[in-house]
Number of protein chains: 2
Amino acid sequence: MQPLHEQSVAELSRLIGRRAVSPVEVAKSCLDRIESCNAKVNAVVTLQAEQALVEARAAEAEIARGDRRGDLHGIPVAHKDLYWTRQLRTTAGSQLRAEFLPDEDATTVARLRAAGMVLLGKLNTQEFAYGPTNEHSLFGPVLNPWDLRCYAGGSSGGSGAALASRMLPAATGSDTGGSIRIPASCCGITGLKPTYGRTSRYGIFPLAWSMDHGGPMARSALDVAMLLQAIAGPDAKDPTTADREVPDYPAALTGDIKGERVGVPRRYFYDRSAPQVEERVRQALQVLEELGAKLVEIDIPDIEHSAAAAAVLYYVEATAYHDDEFLAGRGHMFTDRVRRFLEFGNFILARDYLQAQRYRALLGRRVADQWRQVDLIVTPTLPITAMPLGQATVTAGNVEEPVYLALLRNTEPFNLTGLPALTVPCGFSSEGMPIGMQIIGPAFAEAKVLRMGDAYQRATNWHERSPRL
Amino acid sequence: MQPLHEQSVAELSRLIGRRAVSPVEVAKSCLDRIESCNAKVNAVVTLQAEQALVEARAAEAEIARGDRRGDLHGIPVAHKDLYWTRQLRTTAGSQLRAEFLPDEDATTVARLRAAGMVLLGKLNTQEFAYGPTNEHSLFGPVLNPWDLRCYAGGSSGGSGAALASRMLPAATGSDTGGSIRIPASCCGITGLKPTYGRTSRYGIFPLAWSMDHGGPMARSALDVAMLLQAIAGPDAKDPTTADREVPDYPAALTGDIKGERVGVPRRYFYDRSAPQVEERVRQALQVLEELGAKLVEIDIPDIEHSAAAAAVLYYVEATAYHDDEFLAGRGHMFTDRVRRFLEFGNFILARDYLQAQRYRALLGRRVADQWRQVDLIVTPTLPITAMPLGQATVTAGNVEEPVYLALLRNTEPFNLTGLPALTVPCGFSSEGMPIGMQIIGPAFAEAKVLRMGDAYQRATNWHERSPRL
């Protein structure tokens, strides 16, 4: 048997369910792994080893007396440090919250706690999740387990790296421009940005509220589905959650994608992709075709304005949210980089913010038009693989551009449109860096998106590869 | 029998239903009344007399052969000139649309057409509905049928004046800061701003899209309920409509309001009311109490910032919407007054727009908190009665303020919160000017709001009074 810290949520659930292993053994295995690996990748920033063992023992006892709460009972999890955790330090990666002890859990934290998951600690992210890498985190950068010279991607980089290095089987992330999908792709794991409104954001520090999404990260689509099952659904504390039924996500993963029409965008998503990225994603599309999916070439008009619109939206919303800190004379406590972003947001005009929102409505219609001819859309998650820390620009498709723009290019259109988007690993570059495939579906079609990701993972084993650490 | 043009929608429906009168007679009676009265009040700006008779004859024939479409079949209606009407001039009160012939109906227009209503024409409003009176309309001001020296209120002033002067039994309006309720109150008729999302705005020229609401205006709550029944519900063309069932509104008007808890705000809504307004509304509250309602004194914290927040929102949204006209070099075609508003909106910062939106969320919670202790809230619709045209300021509660601010004070909090708000006539000032009572309910509780308005109208007859013209 593989070591417990390497097992998936689904496997651990089976083992715990038939009492082959105890939640205490699982927690210990993960804690040992964190002990031996975390110094290398810097993913875990707050560890509650003692308390985790208390929780694991409680889970063990409940399960032993026949009170198993469900599939997630006794399985370890850790949360991005943007999620409020009751009486557990929640820094949001900022000096401004360095000592913050929430008196309440984020709704997602509470739901996973209620499901019986064992809380190991908190995962590294940069200041208020601002930006697509963790290079400027309060706790230092997260390093990529596949190459410690490279970034893990951000802002949920701690989650991506902890999962990739097999420190734990399940984590949470948040995604404003790609912050779940970018580290998931960079680290070779699986992450879902659900539909806007599918999961609660209550108790997650906002970056830009009209673009922020909370979602699960794990090593497989099945694991992600199991986590989503526990956290999805309306929340009275978050008025932006949708009052819609939650389907049975794990049950939807039948492996059968015959006849599914997969839209392959003709342009934009491949225009600036590194050749190796495009090659691996095209191979993955072939696998989907072999599984019975039909590839349909599509074009999404007007998508090329996504970056500008998204930037206006997050600059302004972040500035409005953090305004109080400046008014209270604490502006100097932000790092220079984030302070500059926040100050910049002060100068954007309302009419321009609204034009960005109007573009967003237009883009929503452009993507919605696609659902007449396809069921899902598949793109490379990122045009590039993870780069060395400190590298400022990258050239792909003959265009040199800042790394952060390249990282956001393929993901942020789906923050603008709020559509569910999953990334699954689909191979490696010749340098051994992971490459991800993004699967996008109509609003609230997470089951369909996850089914395709899972079918792909049944046919391949990229998601089972682990880095040597 | 009263002349047909004086009859309510409900009465006409009964008469037409038992074939006691023909839609043609009804249309002719209204057209004659328009002929004789409109020059005085200036409510109807486009009349399609011939076409209306064609439609009335078609309705007559359908009903005669047993194909009655429903309660509204054969009853005349006219639309605020902000609503698109297929092949019928739709000016939005602006030189910019002076010749505009829509190729499509607004959804509400289409639904009332499908219900068999006979379209008489279009009703006066000022340029793009910007502001709470019609003093600056392209077609000249609408005059108040109760005193032709006074404004009718705006921006749906044509609708209010046409109903009050008994030119027609049913009309549409739109309400961004009070534009249905203000003219309804000024003219002594009944008007409903439904919940945001209850009625489609497709084909209504926007003023400020996050505050705009379309709704019915008539002479009684029952008539309003009958119209709402036909127009409420989701519309694929307007993504802001709510996907919620439409209850049977007329059936909800049982006359029974026993035990309903009515919130009476302690402050704000009465602070600057003219003494006669407060007196009449207090008398109306007594009537509600005699009908079995329980009066509960309440306070809505933070409501005093409504005017500032609403102004920021509509300045910016209107500017963003009309931006293209300026870019196309047509900015000079706006009237000076509206052009100044639109230009002003260019200078508002995005962070301030978002702080206004955040205030709005706060106010929503403040009002939502009230529903724990009350079922509905009742206030004066306006702090004042209609004033002479050209009067710039008014003094009430010892504060002199611009008339437009006084007019918006009590209505715009419910554009910010999106809650359903009905105005019903509840008496007259000693000068003979109508006074309105505003009934506000929780989101989508139109049935409850209308039930109370109807119960009040069963017990009183203010809504049956008509001006001498």
Side-chain angles (χ1 to χ4, degrees), chain A residues 196-197 201-202 206-211 236-240 242-245 309 311-327 341-365 367-369 371 417-418 443-444, chain B residues 196-197 201-202 206 208-211 236-240 242-245 309 311-327 341-365 367-369 371-372 417-418 443-444:
Chain A
Y196 192 85
R201 284 106 46 93
Y202 182 79
L207 170 54
W209 62 75
S210 80
M211 309 260 280
K237 292 175 176 170
D238 177 357
T240 65
D243 191 12
R244 289 175 73 107
E245 250 182 277
V312 166
L313 296 172
Y314 60 66
Y315 275 126
V316 171
E317 293 179 12
T319 294
Y321 174 72
H322 289 293
D323 208 19
D324 290 351
E325 301 291 359
F326 287 90
L327 291 174
F341 290 158
L342 295 175
E343 288 175 349
F344 177 72
N346 280 318
F347 298 97
I348 294 175
L349 289 168
R351 47 173 277 179
D352 297 328
Y353 174 82
L354 290 186
Q355 300 303 11
Q357 290 285 22
R358 295 177 83 196
Y359 165 73
R360 179 179 206 170
L362 174 72
L363 181 63
R365 289 196 297 276
V367 179
D369 286 344
W371 308 131
T417 55
F444 298 99
Chain B
Y196 191 85
R201 284 106 46 93
Y202 181 79
W209 60 76
S210 80
M211 309 260 280
K237 292 174 177 171
D238 177 358
T240 66
D243 190 12
R244 291 176 70 108
E245 250 182 275
V312 166
L313 296 172
Y314 58 67
Y315 275 126
V316 171
E317 294 179 9
T319 294
Y321 175 72
H322 290 292
D323 207 18
D324 290 353
E325 301 292 359
F326 287 90
L327 290 174
F341 291 158
L342 295 175
E343 288 175 347
F344 177 71
N346 279 318
F347 298 98
I348 295 175
L349 288 168
R351 46 172 278 177
D352 298 327
Y353 174 80
L354 289 185
Q355 300 303 11
Q357 289 285 21
R358 295 178 83 196
Y359 164 73
R360 179 179 205 170
L362 174 72
L363 180 64
R365 289 196 297 276
V367 179
D369 286 344
W371 308 130
R372 293 192 212 129
T417 55
F444 298 98

Novice: Quick one: does A/Ile348's side chain get under 4.5 Å of B/Leu349's, heavy atoms only?
Specialist: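 No, side chains not in contact.
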Novice: Does anything in residues 343-354 of chain A pair up under salt bridge (charged side-chain N to carboxylate O under 4.0 Å, His left out), and if so which pairs, sequence neighbours excluded?
Specialist: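 Matches after skipping sequence neighbours: A/Arg339-A/Glu343, A/Arg351-B/Asp323.
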Novice: Taking only heavy atoms into account, what residues of residues 357-365 of chain B are found under 4.5 Å from chain A?
Specialist: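 Answer by number: B/Arg358.
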Novice: Under 3.5 Å, side chain of B/Arg201 to main-chain N/O of B/Trp209, donor-acceptor pair present?
Specialist: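 Yes, B/Arg201 side chain to B/Trp209 backbone: donor-acceptor pair under 3.5 Å.
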Novice: How long is the straight-line distance from OG1 of A/Thr319 back to CZ of A/Phe344, given to the nearest 0.5 Å?
Specialist: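 Reported to 0.5 Å precision, the distance equals 9.0 Å.
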Novice: Any idea which heavy atoms bring B/Ala208 and B/Leu313 closest together, and the distance?
Specialist: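 In terms of heavy atoms, the two residues are closest at CB-O, 4.3 Å.
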Novice: Please classify the contact between B/Phe347 and chain A as side chain, backbone, both or neither, with a heavy-atom cut-off of under 4.5 Å.
Specialist: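 Interface part for B/Phe347: backbone (N, CA, C, O).
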Novice: Using every non-hydrogen atom in the two residues, find where B/Phe341 and B/Tyr315 come nearest and quote the distance to one decimal.
Specialist: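 Shortest heavy-atom contact: O-CD2, 3.7 Å.
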